[in-house]
Amino acid sequence: MKIAICPGSFDPITLGHKDIIERASQLFDKVIVLVLNNSSKKPVFSLEERMDFIKRCVNAENVEIDTYSGLLVDYAREHNASALIKGLRAVSDFDYEFQLALINKGENMFLSSSMVKEVCSLGGDISSFVPQEILNDIYKRCKGDGKND
């Protein structure tokens, strides 16, 4: 079964989102629309409202709606997803998505400090992205738990 995940904040779902989700539903056996809370955004609509909006707008039998608060790569592994579906509006979107892809693959070229801090705050392993000499300091500041002490 080919499973794709279409992650986003969907605050609210737009016609562009709807188009991407419906086109993906024609390419994959199952598409999971994953409604996320972005720590850098303050949503206008609650998580429940955003999920309801998607249910009311997207008409495809193979589309499921879910939510998750951890790392997307962990969710994708847990659900055996083979693809992530994202829309790009501008070059800045590509840069951000490219950094996410690098993190998900465990590669550290071109990663911003902000991206490393976000992964750390979500409980991800950042040991391959920062010098070992300061790893515990970063964990303590981002997570407050002294991970890897």
Side-chain angles (χ1 to χ4, degrees), residues 1-130 135 138-139 141-145 147-148:
M1 176 179 273
K2 291 188 336 184
I3 300 170
I5 298 173
C6 185
S9 57
F10 304 103
D11 188 38
I13 185 171
T14 66
L15 289 175
H17 293 135
K18 184 179 188 284
D19 179 57
I20 289 168
I21 294 165
E22 289 175 348
R23 285 196 283 153
S25 74
Q26 295 171 3
L27 300 172
F28 294 89
D29 298 315
K30 179 164 74 171
V31 175
I32 302 170
V33 178
L34 193 61
V35 184
L36 304 169
N37 274 325
N38 185 330
S39 59
S40 64
K41 296 179 181 179
K42 293 183 180 179
V44 173
F45 298 98
S46 72
L47 191 61
E48 294 77 19
E49 288 173 314
R50 290 180 276 153
M51 292 176 77
D52 179 60
F53 289 169
I54 297 166
K55 285 177 189 170
R56 290 168 37 197
C57 295
V58 176
N59 297 312
E61 290 184 19
N62 62 336
V63 172
E64 295 179 10
I65 302 162
D66 199 3
T67 185
Y68 188 70
S69 59
L71 292 171
L72 180 57
V73 68
D74 292 337
Y75 183 92
R77 282 186 192 122
E78 290 169 15
H79 290 81
N80 297 316
S82 59
L84 296 177
I85 307 297
K86 293 288 291 182
L88 300 175
R89 299 166 300 224
V91 173
S92 60
D93 285 348
F94 175 80
D95 180 57
Y96 179 76
E97 296 300 332
F98 182 65
Q99 287 190 56
L100 286 177
L102 291 174
I103 283 178
N104 290 336
K105 286 188 156 281
E107 299 175 15
N108 65 3
M109 58 184 268
F110 306 121
L111 292 183
S112 70
S113 295
S114 298
M115 189 67 63
V116 170
K117 289 183 284 191
E118 183 174 348
V119 169
C120 182
S121 71
L122 292 170
D125 178 10
I126 60 167
S127 61
S128 64
F129 306 128
V130 299
L135 179 63
I138 297 169
Y139 276 127
R141 181 64 52 89
C142 290
K143 296 292 293 171
D145 63 3
K147 187 175 182 179
N148 288 346

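What you see is a predicted model; the values in this text were computed from it and never measured.
Glu22 contributes atom CD, which lies 6.5 Å from atom CG of Asn59 (distance to the nearest 0.5 angstrom). We find the CD1-CD distance between Ile5 and Glu64 to be 10.5 Å, quoted to the nearest 0.5 Å. Going from atom CD1 of Ile126 over to atom SG of Cys142 covers 6.0 Å, rounded to the nearest 0.5 Å. Interatomic distance, CG of Leu84 versus CG of Leu72, reported as 5.0 Å (0.5 Å rounding). If you take CE on Met1 and NZ on Lys30, they are separated by 6.0 Å, rounding to the nearest 0.5 Å. Going from atom NZ of Lys2 over to atom CG of Asn62 covers 11.5 Å, rounded to the nearest 0.5 Å.
Taking the side chain as every heavy atom from C-beta outward, Asp125 and Tyr139 approach each other to under 4.5 Å.
Checked against side chain to side chain contact (heavy atoms under 4.5 Å, CB included), Asn37 has the following partners two or more places apart in sequence or in another chain: Pro43, Leu47, Arg50. Listed by chain and number, the residues in a ring pair (Phe, Tyr, Trp, His ring centres under 6.0 Å) with Phe28 amount to none (sequence neighbours excluded). In this structure, Ser121 has no side chain to side chain contact (heavy atoms under 4.5 Å, CB included) partners at least two apart in sequence or on a different chain. In this structure Asp66 satisfies the side chain to side chain contact (heavy atoms under 4.5 Å, CB included) test together with Ile32, Leu34, Tyr75, His79, sequence neighbours excluded. Leu27 pairs by the side chain to side chain contact (heavy atoms under 4.5 Å, CB included) definition with nothing, not counting sequence neighbours.
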Derivation and outcome, side chain to side chain contact (heavy atoms under 4.5 Å, CB included), residues Val35 and Ile54 = CA-CA 9 Å; Val35 184; Ile54 297 166; 3.5 Å; yes

key: Working for side chain to side chain contact (heavy atoms under 4.5 Å, CB included), residues Val130 and Val116   = CA-CA 8 Å; Val130 299; Val116 170; 3.7 Å; yes

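Summarising the geometry of Ile85 relative to Ala4, their closest heavy-atom pair is CG1-CB, 3.8 Å, with the distance given to 0.1 Å. Of all non-hydrogen atoms in Cys6 and Val31, the two that sit nearest each other are CB-CG1, 4.3 Å.
Under 4.0 Å is where a charged nitrogen must lie from a carboxylate oxygen, and between Arg77 and Asp74 at least one such pair does.
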Using distance only, find each side-chain donor-acceptor pair of residues 7-14 under 3.5 Å and give its atom names and separation, not counting sequence neighbours.
unit_1: Asp11; atom_1: OD1; unit_2: Val44; atom_2: N; d: 3.3
unit_1: Asp11; atom_1: OD1; unit_2: Phe45; atom_2: N; d: 2.9
unit_1: Asp11; atom_1: OD2; unit_2: Val44; atom_2: N; d: 2.7
unit_1: Thr14; atom_1: OG1; unit_2: Gly16; atom_2: N; d: 3.3
unit_1: Thr14; atom_1: OG1; unit_2: His17; atom_2: N; d: 3.1
unit_1: Thr14; atom_1: OG1; unit_2: His17; atom_2: ND1; d: 3.1

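The number of heavy atoms from other shown groups lying within 6.0 Å of CD (Glu78) is above 12.
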